Amino acid sequence: MRYWLMKSEPEAFSIDDLMKMENQTDHWDGIRNYQARNFMRDDMRVGDKILFYHSNCEEPGVVGIAEVASEAYPDFTAFKSDSKYYDPKSTEEKPRWFMVDVKFVEKFKESVSLKKIKTIPELSDMKLVQKGNRLSIMTVEKNEFDIIVNLAKTGE
DNA sequence: GCCAACGTTGGC
DNA sequence: GCCAACGTTGGC
């Protein structure tokens, strides 16, 4: 099993929004970066665990856990000319963009802020804290995943 | 709102 | 294939 971190702007789609979806599951649309797409299309498997990260907000950080709930399939928002994710270069015959379904697992009582993560030496190799990394989907090591979950539960 | 970092586009 | 211009991300 692999571990991931996926960023979302809470104003656009928060973990609370995911919780409220039918089956607490939604498709992760709008990814328009090749590296992030390749992660979803080539590497994600049903059951992989995801750190749900809120970006571009008051307190950026990991707010809970989700899991991959489907294999990748074409991101249909790219086909719709009225969608903000419309991309005329992606067609139903030759889709350029993909997405997976993501299912809610849990919301942390205490989220683990980016600020906090930066103070933990064992987390200093996370791609999240490396300079200039703007990827919205990234891999996470198992021990990093465990440390963050533990931080959420115990504060340590 | 600023701005650094980075990805993408497109002219040549 | 280079690289300048431009757009986006995301922390602060």
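Protein chains get the first letters and strands the later ones, always in sequence-line order, with residue 1 at the start of each. As the structure is a computational prediction, the values presented were derived from the model and not from experiment. Basis for what follows: all heavy atoms, side chains included, without hydrogens, waters or symmetry-related copies.
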Where along residues 49-58 of chain A does a heavy atom come under 4.0 Å from DNA chain C, residue by residue in number order?
A:Tyr53, A:Ser55, A:Asn56

Give, ordered by number, those residues of residues 112-122 of chain A having at least one heavy-atom distance below 4.0 Å to an atom of DNA chain C; if nothing qualifies, reply none.
A:Leu114, A:Lys118

Whole-Å distance separating the CD atom of A:Glu11 from the C1' atom of C:dG10:
13 Å

Not counting sequence neighbours, list each pair that qualifies as a ring pair (Phe, Tyr, Trp, His ring centres under 6.0 Å) and has a residue in [range].
{"range": "residues 59-89 of chain A", "result": "A:His27-A:Phe76"}
{"range": "residues 97-152 of chain A", "result": "A:Tyr3-A:Phe145, A:Tyr34-A:Trp97"}
{"range": "residues 110-137 of chain A", "result": "none"}

Parallel, tilted or perpendicular: rings of A:Phe52 and A:Trp28 (30°, 60°)
perpendicular

Heavy-atom donor-acceptor pair, A:Lys118 side chain to A:Val129 backbone, under 3.5 Å
no

Pairs: protein N or O with nucleotides 6-9 of chain B N or O, under 3.5 Å:
unit_1: B:dC6; atom_1: OP1; unit_2: A:Lys131; atom_2: O; d: 3.2
unit_1: B:dC6; atom_1: O2; unit_2: A:Arg134; atom_2: NH1; d: 3.0
unit_1: B:dC6; atom_1: O2; unit_2: A:Arg134; atom_2: NH2; d: 2.8
unit_1: B:dG7; atom_1: O4'; unit_2: A:Arg134; atom_2: NH2; d: 3.3

Flag side-chain contact, heavy atom, 4.5 Å: A:Trp4 against A:Ile137:
yes

Scan [range] for pairs that pass salt bridge (charged side-chain N to carboxylate O under 4.0 Å, His left out), counting only residues two or more places apart or in two chains.
{"range": "residues 95-105 of chain A", "value": "none"}
{"range": "residues 50-67 of chain A", "value": "A:Lys49-A:Glu67"}
{"range": "residues 9-38 of chain A", "value": "A:Asp16-A:Lys107, A:Arg32-A:Asp75"}

For A:Leu5 and A:Val62: C-alpha separation, side-chain torsions, deciding distance, then whether side chain to side chain contact (heavy atoms under 4.5 Å, CB included) applies.
CA-CA 9 Å; A:Leu5 181 145; A:Val62 179; 4.2 Å; yes

Which residues pass the side chain to side chain contact (heavy atoms under 4.5 Å, CB included) test with A:Thr154, not counting sequence neighbours?
A:Asn150, A:Glu156

Non-neighbouring partners of A:Asp146 that pass salt bridge (charged side-chain N to carboxylate O under 4.0 Å, His left out), sequence neighbours left out:
A:Lys142

Distances for protein N or O near nucleotides 1-4 of chain C N or O, under 3.5 Å:
none

